Visitor: 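Encoded as structure tokens, here's the structure I'll be asking about.
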Amino acid sequence: MAIENAAEPLCAQLEGVSRRFGKTVALQDVSIDIRRGELLAILGPNGAGKSTSIALLLGLHQPDCGRATLFGRPPGEIDSRRRVGIMMQEANLPPDIRVRELIHLVSSYYPDPLPVRDVLDLTQTGPLASRPYAALSGGQKRLAQFAAAICGRPQLLFLDEPTAGLDIQARERLWATLRTLVAHGTSIVLTTHYLEEAEALANRVVVLARGRMVATGTVNEIRALVARKKISCVTSLSADEIRAIAGVQSVHQDREQMCISVREAEPAVLELLMRDRSLRDLEIHRAGLAEAVAELTEGAAS
Amino acid sequence: MNTTTSVIPVSSVTAAATMPFTRLLHAYATECRYELLRTLRQPIFLFPMLALPVLLYLFFGIVLAGPQAGSNPQVALYVFSGFAMFSVVGPGMFGFGIGLAVERSSGLLTLKRALPMPAGANFAARMVASMAAVALVLAMLIPLAKYFGNVPLPAGKIMSFAAVGILGVLPFCAIGLLVGSYVSGTAAPGVVNLIYFPMIYLSGLFPFPIPESLKTAAVIWPAYHLNQLALHALGLPTRLGVGICAGVLLAVTAVCLFFSIRRLARVG
């Protein structure tokens, strides 16, 4: 379902990789392409294999079978890593280092980093610059990690739950920075629990569940996979009468509102209006990415 | 400032991003600088490693043994050497071992492996920090011994003795590294102590009586060999030759390095 564009060079790639830890299968035959200048969101419930996918792309683990590449080379080679920026949720940065020092230290690993001042401005961490990492709040730590991730001017950025713990304003600003980065040609791999984050930012989405790839495509394509519409209205028709209408998948009543789930909204609405001229408060919603992912991952789990 | 309008140029390096040699040196230097800074910012960690040897030497070497030092300078030198080498073992084993284990448990080591940190920068920085800690404690012990303990320490001997101490921390860094690469951050202090205390006692670093049966077994402890080298630097007669002691310490370092690197490459 993903539209392949051969002209687009790949930044990183997993080709049919599997990886187990002891008896646990973390990934099973997963293929992910990361193209230049796109933001790819990897979605899935806990234990779906998101972190393992990233670890394979970074060369922290080797696949049992299949192949992982980073800029066409085996991941783990330092020259490839010099083109990558990383934000890891589970990594505690040195507690006794100040934010400015942290950025300076991580910058020193890269051949052509941004000036520390610019990184502080860009990530809104200027006010935190003189504070030790341990003294930061959860959201501020996130911002400091983000600053460390972008300071080396990476061509590919791995972000693990970048906005967990951020307030809405900080999140909006971080999103804006990510959009700017992508507009300037940076590729981003984002793992997130916040589906609205993927919805707001991602060019493409990969949905993982239980180590398998359940779906991949644009946000719209994923949404279309679960082609459900929700109709809500106030009607004198009974739930049973509505169930009799062709295409209706489920009906439930929420106080005076009737909530109807259908595959195609228009014929159902027409039928409803013909049967009940007094029908009012009609609303039609498209299923969001959240519903789509929930349905896809539940399907994989059963 | 408005982030949406700021320009973030992606690295212009499109081919393999190679690092100029000067940037590489800069990376090592920066890593060392912050490792030293972190050590200095943890007074709780630094204090026992620096203060304990100084206080112990003050008590045993100067208050108790000081008055006889004039009549028996050799004994004074032996006592001084033991306490000085005791101060060398700690920064290596604790600084390196516990620091690394904590870094491993906190996920920082994983991040460092993923980042383009030059291979070895982390180790180099920790080694420099350990050597600096040793230099600091020797800078306190040596004047104390020379001016208050009546220990005969001519300048030439001080230099070679300090060199033994500062380089001599490295085998203990390697032992710490081995512990740190196998056990978790919470277990590391216990395991390090389990090796540290028997070693400093049974190596004969302190002027405390050791059971005769264990005296001959002192050669199994690296700290014994370090002390032999230190005694040699002070011009005192030693039981083992310099070559043997240096060889043992090199071998300990190599074996520990081998197993820790193998372990870290496998599990991180």
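In this text, all values refer to a predicted model and were calculated from it rather than measured experimentally. Convention: sequence-line order gives letters A, B, ...; per-chain numbering from 1.
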Visitor: List in chain and number order the residues that pass side chain to side chain donor-acceptor pair (under 3.5 Å) with B:R126, two or more places apart in sequence or in another chain; answer none if no residue qualifies.
Guide: B:E103
Visitor: Mind ranking A:P94, A:G59, A:P75 by heavy-atom pairs under 4.5 Å with chain B and telling me who comes out on top?
Guide: A:P94
Visitor: Could you check whether any side-chain heavy atom of A:I97 comes within less than 4.5 Å of a side-chain heavy atom of A:Y133, counting everything from C-beta outward?
Guide: no
Visitor: Counting heavy-atom pairs under 4.5 Å to chain B, which of A:G72, A:A55, A:G76, A:A91 comes out on top?
Guide: A:A91
Visitor: Can you tell me which portion of B:R41 sits under 4.5 Å from chain A's heavy atoms? Options are side chain, backbone, both or neither.
Guide: side chain
Visitor: Counting only heavy atoms closer than 4.5 Å, note whether A:Y110 contacts chain B via side chain, backbone, both or neither.
Guide: both
Visitor: Would you say the ring centroid of B:Y196 lies under 6.0 angstrom from that of B:Y201?
Guide: no
Visitor: Between B:L115 and chain A, which part of the residue has a heavy atom less than 4.5 Å away: side chain, backbone, both or neither?
Guide: both
Visitor: Decide if the gap between the ring center of B:F172 and the ring center of B:F96 is smaller than 6.0 angstrom.
Guide: no
Visitor: Please identify each residue that fulfils side-chain contact (heavy atoms from CB on, under 4.5 Å) with A:P95, with sequence neighbours left out.
Guide: A:A134, B:R38
